**Student:** 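There's a structure below that I have some questions on.
Since the structure is predicted, the reported quantities are computational estimates derived from the model, not experimental observations. Each chain gets a letter, A, B and so on, in the order the sequences are listed, and its residues count up from 1.
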There are 2 protein chains.
Amino acid sequence: MLDYEKAISVAEQKCADRGIRFTRRRKQVLTVLIKADAALSAYEIAELCDAEDDSKMPAMSVYRILELLQDGNLIHRLELANKYVSCAHISCSHKHKQSQFLICDSCRHVEEIDLSSEAVDALQVAASAAGFNSISSQLEIKGWCAQCQPSSN
Amino acid sequence: MLDYEKAISVAEQKCADRGIRFTRRRKQVLTVLIKADAALSAYEIAELCDAEDDSKMPAMSVYRILELLQDGNLIHRLELANKYVSCAHISCSHKHKQSQFLICDSCRHVEEIDLSSEAVDALQVAASAAGFNSISSQLEIKGWCAQCQPSSN
DNA sequence: ACGTAAAAGATACACCATATCGTTTCAGCT
DNA sequence: AGCTGAAACGATATGGTGTATCTTTTACGT
């Protein structure tokens, strides 16, 4: 898990830079995502927020906040899993233009990885050959983590 | 688009081999998917079936039939798009253990491609390094086709 | 204190998908 | 030809994910 205090202060700074507030609700959502150290659905996030205190986090608010946090590159949305994860690089200086994820099809564990530029290039070459000028900067690959054996695909 | 007549006869044969029927409903769904030459949602398929004749194709039946066709390797389910496409290799002898797709994020056009084994290996190596023993035999990559320019990602 | 804009709340709804159970159809048998 | 059981289909309900829209609250500068 990444450094929580550092991540929150980075988030505060990023919001300040954007001229928006880092409100209690926004902090709640980001906190839940960081502390979970796993991919969560919007509704799971809402439930975990509710568990923190006795207020009621509406699912709508979660979606709005997730979008805002994503725009600030603080979190990522995994389209293959319909889940959200905190960015692995919030609290380090690492600037990644690309995001690549491995998603365990069994236990849903997620690893944010850095593909070699050779691998990315190979994908881009294949895409170009098939008439695709460019590929997304986010790549999601399903697989099976060390703890989980593949059953079928 | 692939050879429709050939594809249907292959489908008939495959169903016969599995000891199941190639019914009117099943033929309708496969026909729609082949003729559309594009990725369709289950509900879009139902609508297009309705447009063919004046019967009412229930969404439930579409899902059941899609699952059956997928088990027969006649179609693919695109998890990134929540859509379905006919397999590009129904009517040829090509046996592909793996499936790779490019999905245009703008117009939703889909290309089924064959990645070089080097590219696949590079992905597997990266996965292994991150603690993933194996990756899925189906890879889906979003991008932008020749007709569509990337706006954002 | 007050006005304004951002943020949050509330409700409704669209879309994708599955569960369950009742009904129809059809191949194979007598 | 009629019977029968399994396969196929139909119908309804429900769950998960996400968006649209409108109202209310909150925070901040003046």
**Student:** Measure CZ/A:Arg108 against C1'/D:dT17 and give the value in whole Å, please.
**Tutor:** 14 Å
**Student:** May I have the distance from B:Asn82 (atom CG) to D:dG16 (atom P), rounded to whole angstrom?
**Tutor:**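 In whole Å, D:dG16 P and B:Asn82 CG are 16 Å from each other.
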**Student:** Is B:Arg21 near enough to C:dC26 that one of its side-chain N or O atoms lies under 4.0 angstrom from OP1 or OP2?
**Tutor:** no
**Student:** Just say parallel, tilted or perpendicular for the rings of A:Phe132 and B:His109, cut-offs at 30° and 60°.
**Tutor:**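 Rings of A:Phe132 and B:His109: parallel, under 30°.
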**Student:** Under 3.5 Å, is there any donor-acceptor pair linking the side chain of A:Arg64 to the base of C:dG9?
**Tutor:** yes
**Student:** Across the strands shown, which category fits A:Arg77 at heavy-atom distances under 4.0 angstrom: base, sugar-phosphate, nothing?
**Tutor:** sugar-phosphate
**Student:** Name the nucleic acid region contacted by B:Phe22, choosing base, sugar-phosphate or nothing; use a 4.0 angstrom heavy-atom cut-off, strictly under.
**Tutor:** nothing
**Student:** Go through the N and O atoms of the side chain of B:Tyr63 and the base of C:dA19, and report whether any donor-acceptor pair is under 3.5 Å.
**Tutor:**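 No.
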**Student:** Would one find a side-chain N or O of B:Ser41 under 4.0 angstrom from OP1 or OP2 of C:dC15?
**Tutor:**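 Answer no for this pair, as no side-chain N or O of B:Ser41 is under 4.0 Å from OP1 or OP2.
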**Student:** Tell me: NZ of A:Lys27 to P of D:dT26, nearest whole Å?
**Tutor:** 19 Å
**Student:** Would you kindly give the CE-to-P distance between B:Met60 and C:dT20, to the nearest whole Å?
**Tutor:**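 From B:Met60 CE to C:dT20 P: 14 Å.
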**Student:** Using the closest heavy atom to pick a nucleotide of DNA chain D for each, name whichever of B:Ile65 or A:Glu44 lands nearer the 5' end.
**Tutor:** B:Ile65
**Student:** For B:Arg24 and D:dA7, what is the distance between atoms CZ and C1' respectively, to the nearest whole Å?
**Tutor:**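 Rounding to the nearest Å, CZ of B:Arg24 and C1' of D:dA7 are 17 Å apart.
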**Student:** May I have the distance from A:Glu67 (atom CD) to D:dT19 (atom P), rounded to whole angstrom?
**Tutor:**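 Rounding to the nearest Å, CD of A:Glu67 and P of D:dT19 are 7 Å apart.
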**Student:** How many whole angstroms separate atom OH of B:Tyr43 from atom C1' of C:dC13?
**Tutor:**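 Rounded to the whole Å, the gap is 14 Å.
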**Student:** For a quick test of reading the model: is some side-chain N or O of A:Arg25 closer than 4.0 Å to OP1 or OP2 of C:dG9?
**Tutor:** yes
